[in-house]
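Comments concern the structure below.
Each residue takes its place number in the sequence, starting with 1. Heavy-atom basis, side chains included; hydrogens, waters and symmetry copies ignored.
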Amino acid sequence: MKIKNFDFADILKKKQDATNDISAELKFSKHATNRMASRNINLSTSQSKRLEAGVQKASEKGINESLVIVDSMAFIVNIKNKTVVTALNQEESKSNIFTNIDGAIIM
């Protein structure tokens, strides 16, 4: 039986890479999922990728809570947790007032 030797740095790097892969995935809170269903908001693959790109840009700028606009849809996203908190369509966002955010990204 052959045992491969790993040093601590190798094991740590593998664990960090696995964690980064998992945390890179954008999640939707239960509230956001319910809002999307009730407001008939459906993201195409292209729109989903643009939303993820917007979250990445917000993260790079140090934003904590961001409004990300994709086409006629608006999403409030907790950037640190990469979680969409709520979603609005064009009709709900007519008031153009968004609170508790510290940045906005228009995609």
Side-chain angles (χ1 to χ4, degrees):
M1 177 185 207
K2 186 176 179 181
I3 299 175
K4 188 174 181 180
N5 291 330
F6 289 101
D7 66 3
F8 179 76
D10 289 336
I11 295 170
L12 179 62
K13 179 161 177 26
K14 285 182 183 182
K15 288 289 185 185
Q16 287 174 331
D17 289 345
T19 301
N20 288 339
D21 289 343
I22 292 168
S23 66
E25 186 176 318
L26 186 63
K27 300 174 288 278
F28 290 80
S29 70
K30 183 176 181 180
H31 176 79
T33 303
N34 290 340
R35 289 290 182 250
M36 289 176 70
S38 69
R39 295 171 173 163
N40 200 26
I41 297 172
N42 298 301
L43 285 170
S44 68
T45 303
S46 167
Q47 290 168 325
S48 181
K49 287 180 181 180
R50 289 172 44 215
L51 176 59
E52 290 174 7
V55 170
Q56 181 62 38
K57 286 182 181 184
S59 178
E60 290 168 3
K61 293 291 184 182
I63 297 171
N64 297 309
E65 296 283 337
S66 181
L67 167 67
V68 181
I69 298 175
V70 177
D71 298 331
S72 62
M73 299 170 283
F75 301 90
I76 303 295
V77 183
N78 178 298
I79 302 301
K80 179 181 176 189
N81 297 328
K82 295 191 179 187
T83 303
V84 176
V85 178
T86 195
L88 302 105
N89 60 21
Q90 188 172 10
E91 189 63 34
E92 279 88 23
S93 62
K94 279 188 176 179
S95 68
N96 297 323
I97 299 172
F98 300 94
T99 59
N100 299 325
I101 63 170
D102 61 343
I105 306 291
I106 301 171
M107 298 301 293

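- Among residues at least two apart or in separate chains, there is no salt bridge (charged side-chain N to carboxylate O under 4.0 Å, His left out) pair with a member in residues 54-68.
- Counting heavy atoms from C-beta outward, Ile76 and Ile101 have side chains that approach closer than 4.5 Å.
- Among residues at least two apart or in separate chains, there is no salt bridge (charged side-chain N to carboxylate O under 4.0 Å, His left out) pair with a member in residues 98-107.
- What you find for Arg35 and Ala87 is that their closest heavy atoms are CB-O, 3.8 Å.
- A donor-acceptor pair under 3.5 Å is absent between the side-chain atoms of Ser66 and the main chain of Ile63, judged by distance alone.
- No donor-acceptor pair under 3.5 Å is formed between the side chain of Ser48 and the backbone N or O of Ser44.
- Going from atom CE of Met107 over to atom CG of Leu51 covers 8.5 Å, rounded to the nearest 0.5 Å.
- Looking at heavy atoms from C-beta onward, Met73 lies out of side-chain contact with Gln90 at the 4.5 angstrom threshold.
- For residues 69-80, the pairs satisfying salt bridge (charged side-chain N to carboxylate O under 4.0 Å, His left out) are Arg50-Asp71, with sequence neighbours left out.
- Remark: the backbone N or O of Asn81 is paired with a side-chain donor or acceptor of Thr83 at under 3.5 angstrom.
- Val77 is not listed as a side-chain neighbour of Phe28, based on a closest heavy-atom distance of 4.5 Å or more.
- Counting only heavy atoms from C-beta outward, the side chains of Ile79 and Asn64 never approach each other to under 4.5 Å.
- In this structure, the side chains of Leu88 and Phe98 come closer than 4.5 Å at one or more pairs of heavy atoms.
- In this structure, Gln56 and Lys82 have side chains that are in contact, with non-hydrogen atoms separated by less than 4.5 Å.
- The structure places CG of Asn34 at 9.5 Å from OG1 of Thr86, a figure rounded to the nearest 0.5 Å.
- Distance NZ/Lys49 to CG/Leu43: 13.0 Å, rounded to 0.5 Å.
- Within the 4.5 Å cutoff, the side chain of Leu26 has heavy atoms near those of the Val84 side chain.
- In this structure, Asn89 contributes its side chain and Ile41 its backbone to no donor-acceptor pair below 3.5 Å.
- Judged purely by atom type and a 3.5 angstrom limit, Ser59 has no side-chain atom pairing as donor or acceptor with the backbone of Val55.
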